[in-house]
Amino acid sequence: MYANVSTTQFMPWALIAPVNYNAMDYYVCEEPGKFLKKTKDYPQKNNGEALLKVKRVGICGTDLHAFSGNQAFFTYPRILGHELATEVIEVGANKEGIKAGDRVVIIPYINCQNCAACDAGKSNCCQNIRVFGVHTDGGMQEVISLPTRLLIPANDLSYEEIAIVEPLAIGAHAVRRAGVKEGDTVVVVGCGPIGIGIIQICKYLKANVIALDVNDHRLNVVKKHFGADHAINVMSDPVEAVKEYTNGRLAQVVFDATGNKRAIESGTDYMSHGGSYVLVGLFKEDLTFTHTKIHAKETSLLCSRNATQEDFRFVMKMLEEKAFNTNAYITSNVPSDSILTDFSKWASSESLDIKVVTSFE
């Protein structure tokens, strides 16, 4: 499945973009609420790695939480950014068939390749995982270097499409975990970027989708642009609304994409007997479920973390088929310096943005 590359390939930086060999710009979150633009030496490429020019950086909920100071297991200062579109500057021989000048998708989950999860092909939940831009410095810089095993050629996609593959892959992984199939009725709680991805992926698989949120604007968006069959505001007796829509049968699969304690603990109320409940959002403290309640339904309780290469490739196929509404998903495409001035606005609960993508060109 891999193209063979027998010789080291190299493209001079000047053929891609003018680059100062001595220094490059980067953006660092020094502490909660504070970004600085700084300069440092460009990175060196180690064996097995590719040198990459960053073209786009999507702003993730993780980035917004880090800026706001409520991201779990996080240290400062940190260069954020793991939703990336990049172009290969320099690369040696590699089994992935990657060459200089290629556009590539980055899998930002740096796994150890040695633990039980990695041995089982579950690199997404590696015991020693380090997420690029979370546990290590990320992509809000002009040039980065990463192992080729974490790169997927994506020359048929635009930079904007490449930048949203990772958040959509998280949704794709959750949907695959749940085994959603044609004709299933699915409830998606939370219509943020991850929830929207789950909604449209389920529609791609020809499921019936009910979207729940507290935000009427988001509910209107998912019905108008992302194919949700029904949209319910959770402030107005949502369980009865789901029962009415499903003739009392409820949903075979329920996804939580909120990370909200109250929402997570009530999610099985929308689930039919024998159904599956998938936790995609993350709440960092204890959760409480009534055992008899979830036992009576023989609940399959699943957690979904990150994504695998299989999920990334599934999303890339969707994007190549133009089966995802990229234009409605990316609501702002702005210069990289906006990181210094607009993060507070993007992190606000009143923001109407779904996905902000910053350009590093």
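One-based numbering along the sequence shown. Because the structure is predicted, anything quoted here is derived from the model rather than measured. Quick note: numbers below take in every heavy atom, side chains included, and nothing from hydrogens, waters or symmetry partners.
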State, without any angle test, whether E321 and Y204 hold a side-chain donor-acceptor pair at a distance under 3.5 Å.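 Looking only at side-chain atoms, Y204 and E321 do form a donor-acceptor pair, the distance falling under 3.5 Å.
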For a quick check under 3.5 Å, do T331 and D353 share a side-chain donor-acceptor pair by atom type?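 Present: a donor and an acceptor within the cut-off.
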Does some side-chain heavy atom of [Y] sit less than 4.5 Å from a side-chain heavy atom of [X]?
X	Y	value
K243	V239	yes
D216	M235	no
Y159	V357	no

Where at least one partner belongs to residues 119-141, residue pairs that pass salt bridge (charged side-chain N to carboxylate O under 4.0 Å, His left out), sequence neighbours excluded: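 Sorted result for residues 119-141: R78-D137.
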Are there over 12 heavy-atom neighbours, none belonging to Q127, within less than 6.0 Å of that residue's CD?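 For Q127, atom CD is not crowded (no more than 12 foreign heavy atoms under 6.0 Å).
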Heavy atoms of other groups near H217 NE2, more than 12 under 6.0 Å: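 Count over threshold, so yes.
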What residues, two or more places apart in sequence or in another chain, satisfy ring-ring contact (aromatic ring centres under 6.0 Å, His included) together with [X]?
X	answer
F226	F324
H230	Y245
Y270	none

What pairs with K297 under salt bridge (charged side-chain N to carboxylate O under 4.0 Å, His left out), at least two apart in sequence or on another chain?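 Salt bridge (charged side-chain N to carboxylate O under 4.0 Å, His left out) list for K297, sorted by chain: empty.
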Taking only residues two or more places apart in sequence or in another chain, which ones pass salt bridge (charged side-chain N to carboxylate O under 4.0 Å, His left out) with D269?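 Counting only residues at least two positions away or on another chain, D269 forms a salt bridge (charged side-chain N to carboxylate O under 4.0 Å, His left out) with K293.
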Is there a continuous path of hydrophobic side-chain contacts, each under 4.5 Å between heavy atoms, that joins V105 to I98?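 Both belong to a single hydrophobic cluster.
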Residues that [X] engages under side-chain contact (heavy atoms from CB on, under 4.5 Å), provided they are two or more places apart:
X	value
S300	S276
V131	Y109, V134, H135
S344	F67
K45	E49, L51, E90, S145

Pairing of E350 and K345 as salt bridge, 4.0 angstrom limit: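 No salt bridge links E350 with K345.
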Check this for me, if you would: do E30 and K38 make a salt bridge, where the nitrogen-to-carboxylate-oxygen distance has to be below 4.0 angstrom?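 Answer for the salt bridge query: yes.
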Could you identify which residues cluster with L282, counting Ile, Leu, Val, Met, Phe, Trp and Tyr as linked when any side-chain heavy atoms lie under 4.5 Å apart, either directly or through a chain of such contacts?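 Its cluster mates, by chain and number: none.
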Apart from L352 itself, which Ile, Leu, Val, Met, Phe, Trp or Tyr residues share its cluster (side-chain heavy atoms under 4.5 Å, direct or through members)?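 For L352, no cluster forms, as it stays isolated from other hydrophobic side chains.
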